[in-house]
Amino acid sequence: MFTNAGTSSFTAFLSKVAPEMLPGRRPLPPGMAADLAPHATTIVAIAAAGGVVMAGDRRATMGNLIAQRDIEKVHPADAYSLVGIAGTAGIGIELMRLFQVELEHYEKIEGAMLSLDGKANRLASMIRGNLGAAMQGLAVIPLFAGFDLAASDPTRAGRIFSFDVTGGPYEETGYDAIGSGSLFAKSALKKRFRAGLSVDDAVRLAVEALYDAADDDTATGGPDLTRRIYPVVMAATAEGTHRLTDAETATIAESVVSGRMENPGG
């Protein structure tokens with residue numbers, strides 16, 4: 001099996017060789033387990049001219065407690081796409097890493113990169129495999145976005161996909177948010193978003209949306225100026241994926257906080 005993979009899907013390969021290693025295949029005791037593990041909270045994604053921006057806050061909660069202040073929920077899925085997680089943090093991180101291997105495995109076996117739609121469908125099937133755990137409270141909902149290399153118009157190549165707990169993929173127009181603070185983040189984006197935003201403007205808007213989410217949702221962490229913990233912000237463009245440095249994010253976050261000191265409503 002290891003010398004002849006036989007399939008371009010690493011998840012399918014793993015289901016034959018070691019199914020117990022897949023997140024959704026592990027046996028769980030009966031009952032709800034939602035309060036036993038830290039939960040990641042709010043992720044936003046914004047389509048911009050020539051790419052897409054994704055940002056996530058850094059807080060993980062466990063009930064009414066802050067489990068971690070500096071968790072990273074946004075990662076590159078491959079060279080041209082990004083994935084962010086909300087829900088049960090441990091399973092979400094494991095699912096995200098498996099998705100990264102899935103895309104790399106496909107490229108090595110097939111000698112070509114999956115289309116953006118193909119990547120979204122692969123992620124959907126992986127979420128579907130976690131349905132049993134999700135029904136016991138250990139749900140993971142990712143947000144997927146990327147630069148579509150096959151797009152006829154490069155200025156509209158940034159695409160965003162959301163999912164439900166059963167693995168259903170849905171393409172979003174313009175922007176989207178997931179997690180406990182998503183209602184407030186999307187409300188902020190709804191007022192400020194416009195088609196054709198530059199990547200820099202989309203980055204600023206993403207940080208402001210996370211600030212608004214943290215202002216009304218206790219599970220979402222705002223910029224922590226004392227500990228110098230700021231949102232993770234990434235972009236996917238024709239040049240590939242890029243993560244803003246801590247210094248760049250700090251400058252934007254501190255500017256947002258400074259502006260809200262004068263006008264708390266934004």
Side-chain angles (χ1 to χ4, degrees), residues 23-24 26 28-29 31-45 54-75 82-99 123 126-127 130-145 162-166 175-189 206-234 243 246 249-250 252-254 256-257 260 264 266:
R26 297 193 182 100
L28 295 171
M32 292 295 289
D35 293 333
L36 302 180
H39 277 65
T41 47
T42 309
I43 308 291
V44 301
M54 185 178 290
D57 80 304
R58 305 291 295 277
R59 178 175 293 177
T61 60
M62 193 159 55
N64 64 319
L65 302 177
I66 297 176
Q68 188 172 346
R69 298 181 187 276
D70 59 352
I71 187 173
E72 297 190 3
K73 312 168 192 175
V74 177
H75 299 267
L82 307 167
V83 61
I85 57 164
T88 307
I91 295 178
I93 292 171
E94 187 177 25
L95 190 72
M96 176 271 300
R97 289 173 177 167
L98 181 60
F99 183 51
L123 183 55
M126 294 170 67
I127 301 166
N130 190 55
L131 183 58
M135 297 300 289
Q136 291 184 255
L138 300 176
V140 175
I141 302 294
L143 189 60
F144 177 67
S162 65
F163 304 84
D164 61 31
V165 73
T166 65
Y175 61 87
D176 196 35
I178 58 171
S180 62
S182 60
L183 173 65
F184 309 108
K186 283 196 279 191
S187 295
L189 293 172
V207 174
E208 290 196 4
L210 288 176
Y211 184 99
D212 287 329
D215 198 34
D216 287 296
D217 174 44
T218 58
T220 303
D224 191 332
L225 305 186
T226 303
R227 298 179 178 87
R228 301 192 64 79
I229 299 173
Y230 305 102
V232 173
V233 184
M234 297 194 69
R243 174 173 171 167
D246 289 342
T249 309
I252 297 168
E254 289 170 4
V256 170
V257 172
R260 296 304 176 90

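- Of all non-hydrogen atoms in G137 and H39, the two that sit nearest each other are O-NE2, 4.0 Å.
- Considering CG of L98 and CD1 of I91, their distance stands at 12.5 Å, rounded to 0.5 Å.
- We find the CZ-CG distance between R260 and D215 to be 7.5 Å, quoted to the nearest 0.5 Å.
- Nearest heavy-atom pair, A250 versus R228, reported as atom, atom and distance to 0.1 Å: CB-NH2, 4.0 Å.
- Checked by atom type and distance alone, the side chain of S182 pairs as donor or acceptor with a backbone atom of G179 at under 3.5 Å.
- Using a 4.5 Å heavy-atom threshold, the side chains of Y230 and E254 count as touching.
- Annotation: side chain of M62 is not in contact with side chain of Q68 (no heavy-atom distance under 4.5 Å).
- Closest approach of I178 to I85, counting heavy atoms only: CD1-C, 4.4 Å.
- How far OG1 of T249 is from CZ of R243: 7.5 Å, rounded to the nearest 0.5 Å.
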Worksheet entry | Stepwise side chain to side chain contact (heavy atoms under 4.5 Å, CB included) test for N130 and L95 | CA-CA 9 Å; N130 190 55; L95 190 72; 5.6 Å; no
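- Not a single ring pair (Phe, Tyr, Trp, His ring centres under 6.0 Å) links Y211 to another residue, sequence neighbours left out.
- A donor and an acceptor atom, one from each side chain of T42 and D57, are nowhere located under 3.5 Å apart.
- I141 contributes atom CD1, which lies 6.5 Å from atom CD1 of I127 (distance to the nearest 0.5 angstrom).
- Between the CG atom of D224 and the CZ atom of R69 there is a distance of 7.0 Å, given to the nearest 0.5 Å.
- Taking OH of Y175 as the reference point, atom CG of L189 lies at 6.5 Å (rounded to 0.5 Å).
- Smallest separation of non-hydrogen atoms from L143 and A45: CD2-CB, 3.6 Å.
- The shortest non-hydrogen separation linking V74 to G56 is CG2-N, 3.6 Å.
- Residues R58 and E72 are in side-chain contact: their nearest non-hydrogen atoms beyond the backbone lie under 4.5 Å apart.
- Contact record, V165 with A134: CG2-CB, 3.4 Å, taken as the closest heavy-atom pair.
- With no hydrogens or angles considered, no side-chain donor-acceptor pair links S187 and D212 at under 3.5 Å.
- Of the possible polar contacts, one joining the K73 side chain to the R59 backbone as a donor-acceptor pair under 3.5 Å is found.
- Side-chain contact between P142 and L123 is present, with at least one heavy-atom pair separated by less than 4.5 Å.
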